[in-house]
Amino acid sequence: MDYISTRGAAPALDFAGATLAGLAGDGGLYLPRHWPRFTEAEIAAMAGLPYAQLAQRVMQPFVGDSLTPQRLLELTTAAYGRFAHAAVTPLIQLDHQHWLLELFHGPTLAFKDVALQLLGLLFEEFLTQRGGNLTIVGATSGDTGSAAIDAVAGRAGIDIFMLHPKGRVSDVQRRQMTTVLAANVHNIALDHASFDDAQAIVKRMFGDRGMIGRFAIGAVNSINWARLMAQVVYYFAAALQLGAPARQVAFAVPTGNFGDVFAGYVAAQMGLPVARLIVATNVNDILHRALGSGDYSAGTVTPTAAPSMDIQVSSNFERLLFDLGGRDGKSMAAQMAGFEASKAMQLSNVQRDGAAKLFTSARADADDMARAIRWAWDGAGELIDPHTAIGLHAARATGIDPAIPVVTLATAHPAKFPEAVERATGHRPSLPARIGDLFEREERCAALPGEYDAVADYIAARAAPR
Ligand SMILES: *Cc1c(COP(=O)(O)O)cnc(C)c1O
């Protein structure tokens, strides 16, 4: 399978190349040249497979010749063997129509583990095949950083430099990063910086000729195609359990960077009978506005109790607009250049109508979120985190045909955000035993000023050349 850039001006790469590159050289995002499609019989034959085997079946068409089926299965077995639940992503019933898909049973308690545990193994595999070193540079508002660090700690040929805004991530989130003491893990707290400042430093590094000449800089956020690919699998897992391919299923997805819900779009292109994808946002609602009226314009970020969704610019939306707009790289590049200049753009009619066929959206404020947490607790005895609650609010507010099951993706363990859960229910969720000593572990973290040169010098002094 070949991968092409949404902006049409970067060379096509195979799966291994797209995985190691992350962002395309023209500033675009990689997508497979076409969507592989399963027949109904092929999907029916996936029912009942253990998760690691299902993952191999769903991902093999995307991986192509980069890995044999045997090797891919070994990697999925290793990646998902570290999850604390035998089903990997168990499905929980809330009432006659609503279900939760628990994606937080990985090592760092958020859905990011599902993709990053595999991505760490893919990096190691392709580096071994090709030789050389990889320098991962990322910015995090919390969950991506800990999941990426856990996935690559101690792996040969890889260094990871993870930037977080000092004092702006929760104690649990910070400790999940800074207590990993492997020599290839470098945590950097940026003084007087926001998440956007940290992300701007990372983006600038991908375009710094001096740095990319010396170091192979890789990406772990959802601009990396391999992450989205791994997330397609759990849409199949959930729908198969609820009767697909004979029955349609809808999904509600707490959304920030549009990666998770785009994986649902990919599942639908592959033949899974997805009735609706409900994009759930908090008050940072650029996507709700874009899907409702075609107005994609960024405002300022309002901090909420669901920080992983406090985002204004959703990188992966570009992948959807490119696919819906006839896959025209030149016009996508022009549309994005306009957006980058003015922080606003209007969707074309083709893009709007195409999106409306599958996507719906809903927005939740703080009260909606707290009510959804209480509803799940009072009605079904489930404690859910603020991000999941926003998804559940959207699922219930959308008015899906009662004959169609609606699955809300549960993206984080409630113990990652205990204050909001306790405020809504009076119950404080406790950390699972396997990470219960987090607050006794030693921390290691560098503090740097939030300036590009300071960060680049720090990385250049420690990373291994390509
Ligand atoms: C990252 C994250 C999201 C948003 O996912 P996207 O793929 O960026 O849309 C939602 N909830 C939690 C808990 C997250 O960590």
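Whatever order the structure lists ligands and atoms in, that order sets their numbers, starting from 1. What's counted below: heavy atoms across the whole structure, side chains too, no hydrogens, waters or symmetry copies. Residue numbers count from 1 along this sequence.
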Less than 3.5 Å between some nitrogen or oxygen of [X] and one of ligand 1, yes or no?
| X | value |
| --- | --- |
| D143 | yes |
| G259 | yes |
| Q231 | no |
| K112 | yes |
| D385 | no |
| A110 | no |
| G256 | yes |

Of all the non-hydrogen atoms in the protein, which one sits nearest to [atom], and at what distance?
| atom | value |
| --- | --- |
| atom 5 (O) of ligand 1 | F111 CZ, 3.5 Å |
| atom 7 (O) of ligand 1 | D260 N, 2.9 Å |
| atom 12 (C) of ligand 1 | T411 OG1, 3.5 Å |
| atom 10 (C) of ligand 1 | P254 O, 3.6 Å |

- request: For F262 and ligand 1, answer yes if some heavy atom of the residue is under 4.0 Å from a ligand atom, otherwise no.
  value: no
message: So for S222, does at least one of its heavy atoms come nearer than 4.0 angstrom to any atom of ligand 1?
response: no
- request: Determine whether the side chain, the backbone, both or neither of F258 has a heavy atom under 4.0 Å from any heavy atom of ligand 1.
  value: backbone
Hey, is the main chain of [Y] close enough, under 3.5 Å, to the side chain of [X] for a donor-acceptor pair?
| X | Y | value |
| --- | --- | --- |
| E124 | L121 | no |
| N184 | V152 | yes |
| R276 | K357 | yes |
| E318 | M336 | no |

On the 0 to 90° scale, with breaks at 30° and 60°, tag the [X]-[Y] ring pair as parallel, tilted or perpendicular.
| X | Y | result |
| --- | --- | --- |
| Y3 | W225 | tilted |
| Y296 | F339 | tilted |
| F317 | F258 | perpendicular |

message: Quiz question: by atom type and distance under 3.5 Å, do the side chains of R289 and S297 form a donor-acceptor pair?
response: yes
- prompt: When you measure from atom 8 (O) of ligand 1 to each heavy atom in T140, N257, N316, which option holds the nearest one?
  reply: N257
- prompt: Just wondering, do P429 and P418 contact through their side chains at under 4.5 Å, heavy atoms?
  reply: yes
query: Do H186 and M162 touch side chain to side chain, with heavy atoms closer than 4.5 Å?
result: no
- request: Check each atom of ligand 1 against the heavy atoms of T255 and keep those under 4.0 Å away; list them by number with element.
  value: 9 (O)
Element-labelled atoms of ligand 1 that are located less than 4.0 Å from some non-hydrogen atom of A412: 13 (C)
- prompt: So does H192 have more than 12 non-hydrogen atoms from other groups sitting under 6.0 Å from NE2?
  reply: no
